[in-house]
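Worksheet: the structure to be examined is printed underneath.
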Amino acid sequence: MASDRRRDSRSWDWDSPQSRAQLDEVFFRRHDYIQAGSTEHREFWAFFDRFQRFKTRKEMSGLGAKEDRSKSGSGKVDLGLPKEYDARYRINVSVCTLDVEERLGKSEYRGSQRSSGPGSQEISDCRLALLHFLDFSQRQSFGKLAKLRREQKNLPIFQYRDRIVELVRQSPVLVVAGDTGCGKSTQVPQYLIAAGFNHIACTQPRRIACISLAKRVSFESLNQYGSKVGYQIRFETTKTPSTKLLFLTEGLLLRQIQQDRSLSQYQVLIVDEVHERHLHCDFLLGVLRSLLAETPELRLILMSATINIKLFSDYFSGAPVLQVPGRLFPIQVLYQPIPPDEQPSRSEKLDPRPYLRILQGIDQRYPPEERGDLLIFLSGVQEISTVQEACQVLATHTRRWIVLPLHSTLSLAQQDKVFDISPPGVRKCIISTNIAETSVTIDGVRFVVDSGKVKEMSFDPKAKMQRLQEFWISRASSEQRKGRAGRTGPGVCYRLYAESDYDAFAPYPVPEIHRVALDSLILQMKSMSLGDPLSFVFIDPPPAASIQTAVTYLKEQGALDSRSDLTSIGTLLAQLPVDVVIGKMLVLGSLFNLVDPVLTVAAALSVQSPFLRSAQHNPDCTTARQPLHSNHGDPFTLLNTFNAWVEVKGERGGGSRKWCRRRGLEEQRLYEMVNLRRQFKELLRSHGLLEIQSSAPSGGDRVQRRQRLTERKKLHQMKRDHEQQESGRRKVLRLEEGQEEFSSGSDAEGAGRGKKDDQAGQNVDIQEVKFKLRHNVSELQEAASVSQDMSSRQQALLKLLLCRGLYPQLALPDEHNSTRKDSEQVFHTRNKQGVVIHPTSVFATDPEVLQVPEGDGDMGPERRDSSRHQLLAFVTLLETNKPYLSNCVRVPALQALLLVANTVDSNADCTRLVVDGWLELELREAGEALKVLSTALTLRGEWERLLLAQLAQSTMGPEQGVSRKVLEKLSEGLVRFLLYTE
DNA sequence: CTTGGCCAC
């Protein structure tokens, strides 16, 4: 017998992939404790190899030879490993073992077939190794657990554990105030679970925080709750029916309240980071305050930094406050105000010398082997590149710094570099906007430089314009920036202002609700029946004028009626998670047969631009982008880009990542667009605005369906694998890192760098996997090719829809533009004179398409005819250095205005028209003018009637529907009118 | 000639 087995063992090759695959089928199946393909599975085989080598050495030294390996095969080899196993693992392993025996019996392994598969010896060897492996990993995790528990007990908040639970039981509202590092966000939810609370929701202002907190809490509880800790953000959730604790974004909770006013699915609500005073958060607090009055069993916990606590407590009728000390390392503060001669005078570039001196000072004072990176806070992108340029000169010279910019308009690959580590003796110098104040946390920062400046958005209701202006920061921000130096060790904070400046700073930043247009907010409030917005009790009410402006705007837009009640279109717009103008486009698009392109445009205008700015200086990128450009306007360029990308996505072999890189596109934005697009489509459908698609399992015979199923299974496996993978080790930066980005633009960036997965040798593009799981590529392609092959008539109609959606956001070219340079073309909006086109717009490089055609030349200047003029419909008007228009579409002035404007006045013979009391139109001949005007009126009437019918259909059912024939007649009429030139 | 940062069934 024994010799028999030896012979078989010799013919059995442990190292061959086939052998391993056979053993995988025995030990690591779908429902086994460890599954083939998982991280643990890989670790096991690595362990197995070590284990075999170890045994061989033992055998050679004479110990193993004596060993009787005939029977049970478990634990007979004394490797000095423990012989006891935790009950949890024992159960799993014995189940697996029994199972193996059973299958061995069934397939009669001892029979003649065994030469091809593993024999009982191999099975038992493998099982022995598995037992040791499990024991080994169990010991490891016990060690980790003990450490984890120690760390939890060391957190400042731990002292307050019982007190917190007690207060939550006693009081409907509790304020927990604690600074960075006290552990409130991770621990408080766990205390509540341990105390028996259930259905806990914890809101976060940012999505990343939701994901990382859910992971962290789940890890700290050793997945003890399994799926009971989860997160939910837009487009992504790990929520299951058994979820006890859910991390979600503030915006999402607001949407949930909109669905279910009573919020009955939750027992406890934790609103974290309330001190940040985001629009959503302030509003959420207001809604919850009124909700608490109706549902006394609901518990609310506000968590905040230790600033302005009284405000929150008072707002909830003196709710108890629990203050927890933070845990940061000591930070030395040095005030180094900028000397007058280095103070940039107005409209002058920032002087980088004060920043350079600090780098040099660090070089002098701190030996390079004492690690610690530098984080510089500046107000904006321009300032960052100025300082970056200067620092890079120093870095190249001393070879002791790697200079990295950080702001949201960089490519994600560029942004990720700040997490990489610098080689020994070299420090990172990260030059950042306030993105590093809250959104991005970088470990290992020891030095902070605070310029004391920030750029903030405000809204000018008179000009109906957004303004991005530089301000001094608040003391709270100043402290937050300082704190970034003390996360991993003692630090230094250089403040480039005087202590007296600091004392003069505002205590807190201005809450967002005081700075922005409140259109969407008011619309939400109306749809939630919260009564008169002017009498709503906000924690810090916005100016009444600001609310009034929003109400007026919503009335102009037709979302509210004269009594300030929601109209049918307003009800719909409140359900759409987009700005009012984008929402209007969607509704209008669904009426006509232009849903697909409109969905894409709406999605594209709701995400950051996919065009990377760093690529603008790279001639290869600009050339590659050229075919995507449309001279009809930026939304059309975005539409082309999306369609072309979808095309690439559908091709075999894909390669969309490379395709994007070549064009300087951030692919992530396109993934976001495709998700948004689908969400919009589903929303429109659920509101009865789209024809019910006969969603028969789209095409394909049985073989194709099988293929798709197999493909999906594979994709799911890839996704699971990716989720199980430990996040890859950090990369080491090269000294040249900063320079090359600076000089050569974008092609170097991201190239060959890839995602984290490259390190695991997997090269899985997880976004692509998710994309394929979520979307039907061929369906998308169909939609893309429809909008790519748009006829000029359809294009004209699409333009009109965008224009009506964007109305009254229109700009008129200045009459002297033909005498100006490309970059100096001037426009006027109704409320703001002298605006210019943003350089990223297609019209900035190609403004001649906006000029009135020179025509037949022989007509004098008195023969002006508005039918040839063009206007710009625009998405945003933002003032930075100058007021800029972005995302513009050109539209024929006369036709568009007559179809979308609110009011038209005319002289007696209708040759002169004044639109909205602003724009004057001229028509040459009275007869013609009358005809044009009456056609326009007829079309408008019909359009309005059909729109209302469509909206009625969405509430009253399809019998109210709009007939296809009537619709076609209208779009025919609109197109003819648009393309009208005498 | 160039835009702080979040977020939404």
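The figures that follow rest on heavy atoms only: side chains count, while hydrogens, waters and symmetry mates do not. Lettering follows sequence order; numbering is per chain, from 1.
Within the 4.0 angstrom heavy-atom criterion, no nucleotide atom of any strand lies near E456(A). Residue contacts for V381(A): at a heavy-atom cut-off of 4.0 Å it reaches the sugar-phosphate backbone alone, with no base atom in range. Within the 4.0 angstrom heavy-atom criterion, no nucleotide atom of any strand lies near H278(A). Nucleic acid contact class of L576(A) (heavy atoms, under 4.0 Å, all strands): none. Counting non-hydrogen atoms under 4.0 angstrom, R678(A) reaches nothing in the nucleic acid. Among the atoms of the strands shown, none is found under 4.0 Å from any heavy atom of T409(A). Contact annotation for E824(A): no contact, since no heavy-atom pair falls under 4.0 Å across all strands. R206(A) comes within 4.0 angstrom of sugar-phosphate atoms only, judged by non-hydrogen atoms across all strands, and of no base. Among the heavy atoms of the strands lying under 4.0 Å from R207(A) are primed sugar atoms or P, OP1, OP2 only; no base atom is included. As judged by a 4.0 angstrom heavy-atom cut-off over every strand, I435(A) is placed among residues touching the sugar-phosphate backbone only. If you check every strand for non-hydrogen atoms under 4.0 Å, V836(A) touches nothing.
A donor and an acceptor atom, one from each side chain of R890(A) and N631(A), are located under 3.5 Å apart. Residues S886(A) and T876(A) bring a donor and an acceptor atom of their side chains to less than 3.5 Å of each other. Using a 3.5 Å distance cut-off with no hydrogens or angles, the side chains of R677(A) and T600(A) do pair a donor with an acceptor. Looking at E479(A) and Y502(A), their side chains do bring a donor and an acceptor atom within 3.5 Å of each other.
In this structure, Q575(A) and Y884(A) both approach DNA chain B, and ranking their closest nucleotides by distance from the 5' end singles out Y884(A). Nearer the 5' end of DNA chain B, as judged by each residue's closest nucleotide, is the contact made by T433(A), out of T433(A) and S686(A).
Here the range on DNA chain B touched by chain A, meaning any atom under 4.0 Å from one of its heavy atoms, is dC1(B) to dC9(B).
Residue pairs meeting the salt bridge (charged side-chain N to carboxylate O under 4.0 Å, His left out) criterion with at least one partner in residues 253-262 of chain A, sequence neighbours excluded, are R261(A)-E294(A).
For D634(A), there are no salt bridge (Lys or Arg N to Asp or Glu O under 4.0 Å) partners at least two apart in sequence or on another chain.
Counting heavy atoms from C-beta outward, L676(A) and F235(A) have side chains that approach closer than 4.5 Å.
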